[in-house]
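Taking it in order: structure first as structure tokens, then the write-up.
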Protein chains: 2
Amino acid sequence: MTKLQREILSVVKDSNDHLTADEVYQKVKKTMPTVALGSVYRNLNQFARDSLIRRVVRPQGPDIYESNMAPHNHLVCVHCLRMKDFEINGLEDYIRDHSSSPIISVNLTVNSICPKCEAALNKKNNKH
Amino acid sequence: MTKLQREILSVVKDSNDHLTADEVYQKVKKTMPTVALGSVYRNLNQFARDSLIRRVVRPQGPDIYESNMAPHNHLVCVHCLRMKDFEINGLEDYIRDHSSSPIISVNLTVNSICPKCEAALNKKNNKH
DNA sequence: TTCCATGCAAACAATTTGCAGCAGT
DNA sequence: ACTGCTGCAAATTGTTTGCATGGAA
């Protein structure tokens, strides 16, 4: 593994957040200023292929990369678009039990509204 | 509603399949040869905003538009990438019951392998 | 010297947008 | 004449790819 690869991987691993390729690029650039965005993409995708990290496609905005490899789902705030991991107990089994098709994997995102945005909206509504 | 809008809408409605913007464009072009792809996008998106149709974002390839507005999920064949509607009974309730966040909507795609591709793969494997 | 990862830039795919002109009212 | 939808083309966004090169083994 090269220096750049170690750097990229540790940026993703160290962040409990979900990072876009560009965010990873910005962080890596702090220690390796000559890094190219293309190289970041190349390595992130390679890591994802090797199952070291996971690439998550979002309906809006760029894809994000995350280090949490355990099967889990994503809660997306419809207001700020921020994403949070969450897990639903036995979901995959539930789906398996209610489907006749052979299931390889499931991909679930739940649209929700995060506490912060909800509070902000409530405040706004109470004002007038 | 304009002629083009009626045409686009009926193309989506008449197809039980899922169509990409370009596929809709190709179909509309048969009756209205001067139509522009941009106009197709504009109208499809407007219809989606008005909840006349639904736009579905796929991890790979272009978005698709579908007329089935009932809450349902998608089965994606990992081999041919074709998509099929399917419904899981009580899924949203299950998730609601197992989650503490306010749930607006649920988006589930299941990776699977369709009968056709499975048959083809079996045949191939048996050959040698 | 060999080889592969890199930086760089160009290509690419999907989609959106600005704008002038035309159609319908 | 006014309005707004359309065609067209250019711009945008996110991502991938080809290629020459430079650094590590």
Next on the checklist: Distance check, rounded to the nearest 0.5 Å: Arg82(A) atom CZ versus Leu75(A) atom CG?
Outcome noted: 13.0 Å

Next on the checklist: Counting neighbours of NZ on Lys116(A) that are heavy atoms of other residues, nucleotides or ligands and sit closer than 6.0 Å, is the number greater than 12?
Outcome noted: no

Next on the checklist: Any base atoms under 4.0 Å from Asp22(B), or only sugar-phosphate, or nothing? Heavy atoms, all strands.
Outcome noted: nothing

Item to check | dG14(D) phosphate, OP1 or OP2, under 4.0 Å from Thr20(A) side-chain N/O | outcome: no

Item to check | Separation of dA14(C) P from Tyr65(B) OH (nearest whole Å) | outcome: 12 Å

Item to check | Whether His98(A) and Tyr94(A) hold their rings parallel, tilted or perpendicular, with breakpoints at 30° and 60° | outcome: parallel

Checklist entry - Ile8(B) has an atom CD1; how far is it from atom P of dC5(D), in whole Å? => result 12 Å

Checklist entry - Base, sugar-phosphate, or nothing: which does Arg58(A) touch, judged by heavy atoms less than 4.0 Å apart? => result nothing

Item to check | Rounded distance (Å) that lies between atom C1' of dT6(D) and atom CG of Leu44(B) | outcome: 15 Å

Checklist entry - What's the closest nucleotide to the Asn43(B) side chain, out of dT6(D), dT6(C), dG7(D)? => result dT6(D)

Checklist outcome for this item: Between CG of Asp63(B) and C1' of dG14(D) the distance, given in whole Å, is 13 Å

Next on the checklist: Does Asn89(A), at its CG atom, have more than 12 non-hydrogen atoms belonging to other residues, nucleotides or ligands within less than 6.0 Å?
Outcome noted: no

Item to check | Length of the CD-P vector between Gln46(A) and dT6(C), whole Å | outcome: 11 Å

Checklist entry - Taking the side chain of Arg42(B) as its heavy atoms from C-beta onward, which of dC5(D), dG7(C), dC19(C) lies nearest to it? => result dC19(C)

Checklist entry - Tell me: NZ of Lys3(B) to P of dT6(D), nearest whole Å? => result 12 Å

Checklist entry - Rounded to whole angstroms, how far apart are NZ on Lys29(B) and P on dT6(D)? => result 17 Å

Checklist entry - For the side chain of Gln5(A), counting heavy atoms from C-beta on, which of dT15(C), dT6(C), dG14(D) is nearest? => result dT6(C)

Checklist entry - Taking the side chain of Tyr41(B) as heavy atoms from C-beta outward, which of dC8(C), dT6(D), dT15(C) is closest to it? => result dT15(C)

Item to check | Asn45(A) side chain near dT16(D) phosphate (N/O to OP1/OP2, under 4.0 Å) | outcome: yes

Item to check | Test item: His79(B) side-chain N/O and Cys77(B) main-chain N/O as donor-acceptor pair under 3.5 Å | outcome: no

Checklist outcome for this item: With the side chain defined as heavy atoms from C-beta on, Pro62(B) is closest, among dA14(C), dC8(D), dG7(C), to dA14(C)

Checklist outcome for this item: Sorted by position of nearest nucleotide on DNA chain D, 5' first, the leading residue of Ala36(B) and Arg55(A) is Ala36(B)

Checklist entry - Heavy atoms under 4.0 Å, any strand shown: does Thr2(B) hit a base, just sugar-phosphate, or nothing? => result sugar-phosphate

Checklist entry - Nearest to the side chain of Ser39(A), which nucleotide is it out of dG7(D), dT16(C), dT6(C)? => result dT6(C)

Item to check | Separation of dT16(C) C1' from Arg49(B) CZ (nearest whole Å) | outcome: 11 Å

